[in-house]
There are 2 protein chains.
Amino acid sequence: MVNKKCIIRLLRYKNALHRLNSLGFVKVFSDNLADAVGVTASQVRKDFSLFGICGNKRGGYQIEALLGKLNHILGKNEQQKVVIVGGGNIGAALMKYKGFEKEGVKIAACFDIDPAKYNHKEGDIPVLPLEQLRDFVRQNHIKIGVIAVPDIAAQQVLDLMLAAGIKGVLNFAPIRLRAASDCVINNVNLVLELETVIYFIINGLEKSIAEIHEEQKS
Amino acid sequence: MVNKKCIIRLLRYKNALHRLNSLGFVKVFSDNLADAVGVTASQVRKDFSLFGICGNKRGGYQIEALLGKLNHILGKNEQQKVVIVGGGNIGAALMKYKGFEKEGVKIAACFDIDPAKYNHKEGDIPVLPLEQLRDFVRQNHIKIGVIAVPDIAAQQVLDLMLAAGIKGVLNFAPIRLRAASDCVINNVNLVLELETVIYFIINGLEKSIAEIHEEQKS
DNA sequence: TAGATTGTTAATCGATTAACAATC
DNA sequence: TAGATTGTTAATCGATTAACAATC
C-alpha cells in the first residue's frame, strides 16, 4: 500500500540512484538498491511494482530511466513552491536552511503578523504581512504550506491557508489540527521526537529499540 | 510491543491526563483517553497493560496515580538535560524554542566550532567550543544529544558524542549514521517530511492518505 | 543453454482491534 | 444485584519478506 513510509523509501531510492548515476553506473539490481537504502530486495521490487515500474528480468533496472520515473512520481521535475507562516525560530531556520533548494523545493515567501520581521532584501526570502498570504498563494498557485507559529495560532493559520488554496501542510505546532479530509497534514513534533529518545535511554533498549531505527533517514 | 509509536502514545496520554487533571477531573476511562488521543479504547488498555498499569474494573483509572506512573516511565520526574552540537539554523532555533523547557527538557549547552557563535550571556544557553563537549557532558552526566550540524560533519560529531558518554541522539542531518547498537538514534529529516506532503498533493490522496494522518501529534 | 534476476503470489510477522470473561 | 469497565485473549488487518515461476 502507498503510505508515507513507502514514499519515504521511494525518495531514498531516488537519492541512492542519483549517487550511483553520478558515479557513472548505468544499471542497478534490486539487491544493490536494497543495500543502499537498508531494506530488503523484495521490498524494493514490491515498491516498484506498486508504481508500475518494471525492470528487465535478469538485467536489473536502467538507472537513468528509473530515476526519470521516480522523479516524475515524486514531483521532482518541476520546482515545488511552498510558503511558511511564522517567521520565528523554526520559520527562520527553515528559510536559512539550504537543504530544500537542493531538493527542488523553493520557499517562496514567509508570512508573519509581526512587522519587525518584515523584510524584502534582494536575494532574501521575503517576509510579508499575513494579510498578503491569500493573494500571494493564489497568484503563485502555491499548494504547500508550513505552519511554524505558536500552538495557539496554528488552527487559525491552517484555516487561512486552506481558504487561500493550500492543499498540504507541514505542521510544527504540537496540536491536533482539524481540516477537511482532502487536505494533507504532516505533523512534526520536535519535543516528542526528543522525548522518545529520552524514554529509550532511561528504560534501556532491551525493550526492542529496533523500531526507532526504522526511522533512519537517507 | 514497546516501540516508538507506543511511546508517543504514552506521551500523549500523559498530556491528555495533565489537561484533565488541571480541569479538576479525578478519574478517567480508557474510552475518554482514547477519544482525547485519537486511538481506540482497546489500544489504551493494551498500552497500559504492556507497562503493568492497572485501573479498577468498573471504576476506570485514578488520574493522579496514572499520571504518576506515566511520568515515572517517561522520565518526567527529573529534568532531562541535553546538549546540542551545531549552533547554526536549527541549533539556534531549538535553543530559542520554549517547548522543551515546558516538558522538563533542559538544553544545557550548545557546542560549535565557529568562535563567532560562542556566547555566555547570563540567562542564555551557553554556546561553547566543541573541544569542551567531552568534559561538559561528563561533568554534567548528560546522556542525550542533538546533532544539528551539516551532513558532512554529522558522523564525526556522533563519534565525539558517544566517546563523551552520550547514549541517545536526535539527528537532524540527512545521512545515515553508524553507531553501536546500544545507542539510540532518532532521525528527523525535515526535507523528507516536506517531500512526502508534496507527493500526496501531486498524486492525490486517493491512494490512501490515511497513514500520513497517523502521525498526528498531540 | 544455464544462471541470474525480476514480478508476483503466498507466508510471515507485528501491531491494532474486537470480544468477552472477570469483577467491581 | 445489574450494569459497566477492565485486562487479556483471539481475530483481524496491513505491511514486510520469502519463495518461485517466468524469462532474459
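All values reported here derive from a predicted model rather than from experimental measurement. Labels below follow one simple rule: chain letters A, B, ... track the order of the sequence lines, proteins then strands, and each chain is numbered from 1.
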Please list each protein N or O that sits under 3.5 Å from an N or O in nucleotides 21-24 of chain C, with the distance.
from	atom 1	to	atom 2	distance (Å)
C/dC24	O4'	B/Lys57	O	3.4

### Query
Do NZ/NE/NH1/NH2 and the carboxylate oxygens of A/Lys69 and A/Glu64 come within less than 4.0 Å?
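Not counted as a salt bridge, because no side-chain N and carboxylate O are separated by less than 4.0 Å.
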#### Entry: Ionic contact status for A/Lys106 with A/Glu78, cut-off 4.0 Å
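No, no charged N to carboxylate O under 4.0 Å.
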Write down the distance between [atom1] ([X]) and [atom2] ([N]), rounded to a whole number of angstrom.
X	N	atom1	atom2	value
A/Phe51	C/dT8	CZ	P	15 Å
B/Ile53	D/dT6	CD1	C1'	14 Å
B/Leu33	D/dT6	CG	C1'	13 Å
B/Lys5	D/dG14	NZ	C1'	10 Å
B/Asn3	D/dA15	CG	P	15 Å

### Query
How would you list, by chain and number, every residue that makes a side chain to side chain contact (heavy atoms under 4.5 Å, CB included) with A/Arg134, sequence neighbours excluded?
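Expected list: A/Arg138, A/Ala163, A/Ala164.
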### Message
Looking at A/Leu23, I'd like to know if its CG atom is crowded, meaning that more than 12 non-hydrogen atoms belonging to other residues, nucleotides or ligands lie closer than 6.0 Å.
### Response
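Atom CG in A/Leu23 is packed in, count exceeds 12.
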### Query
What residues, two or more places apart in sequence or in another chain, satisfy salt bridge (Lys or Arg N to Asp or Glu O under 4.0 Å) together with B/Lys143?
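With neighbours one apart ignored, the set is empty.
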### Task
Please name all residues satisfying salt bridge (Lys or Arg N to Asp or Glu O under 4.0 Å) with A/Lys14, sequence neighbours left out, ordered by chain then number.
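Expected list: A/Glu103.
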### Query
Going by the salt bridge (Lys or Arg N to Asp or Glu O under 4.0 Å) test, which pairs reach into residues 22-40 of chain B, not counting sequence neighbours?
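Sorted pair list comes back empty.
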### Non-neighbouring partners of B/Gln80 that pass side-chain hydrogen bond (donor to acceptor under 3.5 Å, both in side chains), sequence neighbours left out
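Here no residue qualifies.
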#### Entry: Stretch residues 25-32 of chain A: residues that reach within less than 4.0 Å of DNA chain C through a heavy atom
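The stretch gives A/Phe29, A/Ser30 as the residues lying under 4.0 Å from the strand, ordered by number.
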### Task
Mind listing the residues from residues 37-48 of chain A sitting with a heavy atom below 4.0 Å of DNA chain C? Number order is fine.
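Hits under 4.0 Å, by residue number: A/Arg45, A/Lys46.
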### Validation row: A/Leu66, A/Leu33 side chains within 4.5 angstrom (heavy atoms)
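In short, these two side chains touch, coming nearer than 4.5 Å.
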### Task
Would you please name every residue forming a ring pair (Phe, Tyr, Trp, His ring centres under 6.0 Å) with B/Phe136, sequence neighbours left out?
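B/Phe136: ring pair (Phe, Tyr, Trp, His ring centres under 6.0 Å) contacts with B/Phe111.
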### Message
Could you work out, with ring pair (Phe, Tyr, Trp, His ring centres under 6.0 Å) as the rule, every residue matching B/Phe172, not counting sequence neighbours?
### Response
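Expected list: none.
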### Query
Which dot-bracket string describes DNA chain D (Watson-Crick N1-N3 plus N6-O4 or O6-N4, or G-U N1-O2 and O6-N3, all under 3.5 Å; [ ] crossing; | other strand)?
..||||||||||||||||||||||
### Query
How is A/Cys6 classified with respect to the nucleic acid when contacts are heavy atoms under 4.0 Å: base, sugar-phosphate, or nothing?
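Result for A/Cys6 = nothing.
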#### Entry: Pairs where residues 77-98 of chain B contributes a residue and the test ring pair (Phe, Tyr, Trp, His ring centres under 6.0 Å) is met, not counting sequence neighbours
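Qualifying pairs: B/Tyr97-B/Phe100.
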### For B/Val83, the option from B/Val146, B/Ile166, B/Ile144, B/Ile107 that meets side-chain contact (heavy atoms from CB on, under 4.5 Å)
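Only one of B/Val146, B/Ile166, B/Ile144, B/Ile107 forms a side-chain contact (heavy atoms from CB on, under 4.5 Å) with B/Val83, namely B/Ile166.
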